[in-house]
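Here's the structure we're looking at; comments come further down.
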Amino acid sequence: MSGPASPDVPGSPDVTVLGAGIVGICSALSLAERGLRVRLIDRGAPGQATSYGNAGIISPWSVVPQSMPGLWKKVPGWLLDPLGPLTVKPAYLPKLAPWGLRFLLEGRAGRIQQISDAMDTLNRNCVELYRQYLAGTGHEDLVQDSCYVHAFRNADAADLNSVDYRMRGGRGADMERIGAAELRDLEPALTPEFQAAILIKGQARALSPGRIGTVLAEKFQSMGGENLTRTVRAILPSETGGWTYTTDAGQEWTPKLVLAMGVWSGELLKPLGIRIPVESERGYHVSFRNPGVALNNSIMDMDMKFVASSMEEGLRVAGTAEFAGLDQPLNRKRLDGLVQLAKALLPDLRADDMDTWSGQRPSLPDSLPCIGEVEGFPDLIAAFGHSHYGLMMAPKTGRLVADIVSGTPMNEDLSPFRARRYERLKA
């Protein structure tokens with residue numbers, strides 16, 4: 001094994017980003033735009049793991065926390081429904097219980113507006129920021145204007161006065177309620193079972209989340225950024241300042257270290273005595289290569305809580321979540337269930353040619369990521385825990401990371417994203 005690189009080695013990076021998901025890519029790209037020498041490290045190709053597998057939603061109006069008042073009433077039914085949006089492996093329940101209780105606590109009425117404000121900080125300019133990142137790449141069309149269509153089988157449930165739509169509207173979302181006939185005109189491929197829908201306007205969808213990651217990583221490299229394929233084993237503060245990190249290729253030193261490794265970030269922090277309640281939430285999607293139908297917008301089935309969208313690779317359905325632990329094999333029943341749901345959503349769907357995906361999403365009880373210098377550990381910057389919102393929150397997270405590393409003053413309050421906020425809660 002090689003020893004740590006010396007701080008005086010010419011060409012050594014000013015900052016190293018561990019993790020090349022979309023958050024790490026946007027962080028590395030923003031840092032490079034500031035003129036810093038940046039090294040980006042991941043065990044796989046940039047943007048092709050967890051960031052590859054999502055519904056492609058890019059919404060400034062994703063300001064509704066996952067935990068909301070009254071949610072606890074729905075959870076038992078979801079767990080008992082084989083096609084429901086949530087499953088927990090029975091043997092994993094004892095380990096998940098403390099996290100689950102914290103999650104439900106974060107959904108109390110007095111807390112959700114604070115969380116929503118913090119989500120708004122990260123999401124409000126996400127479409128504009130993606131267009132800035134993609135500018136000059138020749139692939140600007142990977143982000144397309146779109147509505148988010150929330151479709152309901154029960155017309156009474158499509159209520160713009162419900163708390164979640166009031167949250168969006170209060171932060172500027174342009175929304176419209178439509179009936180079954182208008183929905184049929186807008187999205188003729190959908191099942192006629194839907195009786196109403198709410199359109200959330202002024203957002204976008206990704207035609208290929210994986211290709212966005214590839215394109216932005218290539219832009220980063222064209223600006224002089226260094227991209228290395230390594231498996232990260234450990235991180236440790238250096239006695240002389242900065243950080244050392246160990247990979248399968250040896251040990252290196254960096255003045256500043258950005259930790260953007262999703263759920264694996266929590267594992268790397270444990271040897272430092274930092275305990276962050278980041279939970280591994282396995283997500284699934286199915287892409288139909290030759291679906292025979294197309295969607296004009298992103299569609300959420302509000303009864304079954306999954307999303308469908310037409311992409312370059314085909315028509316993708318995503319949204320199911322499973323808590324089973326970090327190292328458990330995928331649950332084939334979840335993929336089979338998504339296929340069933342897709343057929344119910346789109347009666348004319350051709351489902352004979354498909355790709356499937358499964359990956360680990362890093363979730364914290366308050367639906368918020370960890371962003372900022374880790375308290376007590378100078379020059380270690382957190383950028384992980386984005387849950388279902390990584391694609392949307394990545395551009396602003398990248399900008400914030402660049403501000404933090406470069407010492408640029410910022411207007412945003414980052415206290416809701418403190419990495420060690422739950423340790424303080426315990427204390």
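Using a 3.5 Å distance cut-off with no hydrogens or angles, the side chains of Tyr389 and Ser367 do not pair a donor with an acceptor. Using modelled atom types and a 3.5 Å distance limit, the side chains of Thr397 and His386 yield a donor-acceptor pair. Glu252 and Thr244 share no donor-acceptor pair across their side chains, judged by distance under 3.5 Å alone. Between Arg332 and Tyr284, the side chains place no donor N or O within less than 3.5 Å of an acceptor N or O (distance only, hydrogens not considered). Counted by atom type alone, Ser62 and Gln203 present zero donor-acceptor pairs between their side chains at under 3.5 Å. Counted by atom type alone, Arg233 and Gln251 present zero donor-acceptor pairs between their side chains at under 3.5 Å. A donor atom on one side chain and an acceptor atom on the other are found under 3.5 Å apart for Gln360 and Ser280. A donor-acceptor pair shorter than 3.5 Å can be found between the side chains of Glu187 and Asn297. Under 3.5 Å, the side chains of Thr254 and Arg39 contain no donor-acceptor pair of N or O atoms.
Note that the CD1 atom of Ile25 and the OH atom of Tyr133 stand 11.0 Å from one another [nearest 0.5 Å]. Here the CG atom belonging to Leu40 is positioned 8.5 Å from the CG atom belonging to Leu228, to the nearest 0.5 angstrom.
For the side chain to side chain donor-acceptor pair (under 3.5 Å) test, no residue two or more places apart in sequence or in another chain qualifies with Ser67. By the side chain to side chain donor-acceptor pair (under 3.5 Å) test, Arg230 is found to be paired with no residue, residues two or more places apart in sequence or in another chain being considered. Residues that satisfy the salt bridge (Lys or Arg N to Asp or Glu O under 4.0 Å) test with Arg43, not counting sequence neighbours, are absent from this structure. Applying the side chain to side chain donor-acceptor pair (under 3.5 Å) test to Asp14 and every residue at least two apart in sequence or in another chain returns Arg37. Residues passing the side chain to side chain donor-acceptor pair (under 3.5 Å) test with Tyr130: none are found, sequence neighbours excluded. Among residues two or more places apart in sequence or in another chain, the side chain to side chain contact (heavy atoms under 4.5 Å, CB included) test is passed with Ser298 by Ile57, Ser146, Tyr148, Arg205, Ser309.
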Any chance you could lay out the side-chain hydrogen bond (donor to acceptor under 3.5 Å, both in side chains) test for Arg361 and Thr50, step after step, and finish with the verdict? CA-CA 7 Å; Arg361 303 200 186 288; Thr50 302; 5.8 Å; no
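Aromatic ring pairs are classed by plane angle as parallel below 30°, tilted from 30° to 60° and perpendicular above 60°; the pair Trp357 and His285 is parallel.
In this structure, Leu259 and Leu268 have side chains that are in contact, with non-hydrogen atoms separated by less than 4.5 Å. A 4.5 Å side-chain heavy-atom check between Cys126 and Lys396 finds every atom pair outside the cut-off. Ile235 has its side chain out of reach of Thr246: every pair of non-hydrogen atoms, C-beta onward, lies at least 4.5 Å apart.
Within the 3.5 Å criterion, the main-chain N or O of Ser310 finds no donor-acceptor partner in the side chain of Arg316. Using modelled atom types, no side-chain atom of Ser287 and backbone atom of Leu315 make a donor-acceptor pair closer than 3.5 Å. Distance alone, capped at 3.5 Å, is enough to place a donor-acceptor pair between the Asp248 side chain and the Thr231 backbone.
A salt bridge does not link Glu375 with Arg420: none of the charged nitrogens is closer than 4.0 Å to a carboxylate oxygen. In this structure, Lys305 does not pair ionically with Asp301, as no charged nitrogen and carboxylate oxygen lie closer than 4.0 Å. A salt bridge does not link Glu322 to Arg334: none of the charged nitrogens lies less than 4.0 Å from a carboxylate oxygen. A salt bridge does not link Arg177 with Asp159: none of the charged nitrogens is closer than 4.0 Å to a carboxylate oxygen. Using a cut-off of 4.0 Å between Lys/Arg side-chain N and Asp/Glu carboxylate O, Glu128 and Arg131 are scored as not salt-bridged.
A ring-centre distance under 6.0 Å is not found for Phe384 and Trp264.
Of the listed residues (His388, Gln66, Glu281), just one forms a side chain to side chain donor-acceptor pair (under 3.5 Å) with Ser363, and that residue is Glu281.
Across all non-hydrogen atoms, the minimal contact from Ser208 to Glu313 is OG-OE2, 2.7 Å.
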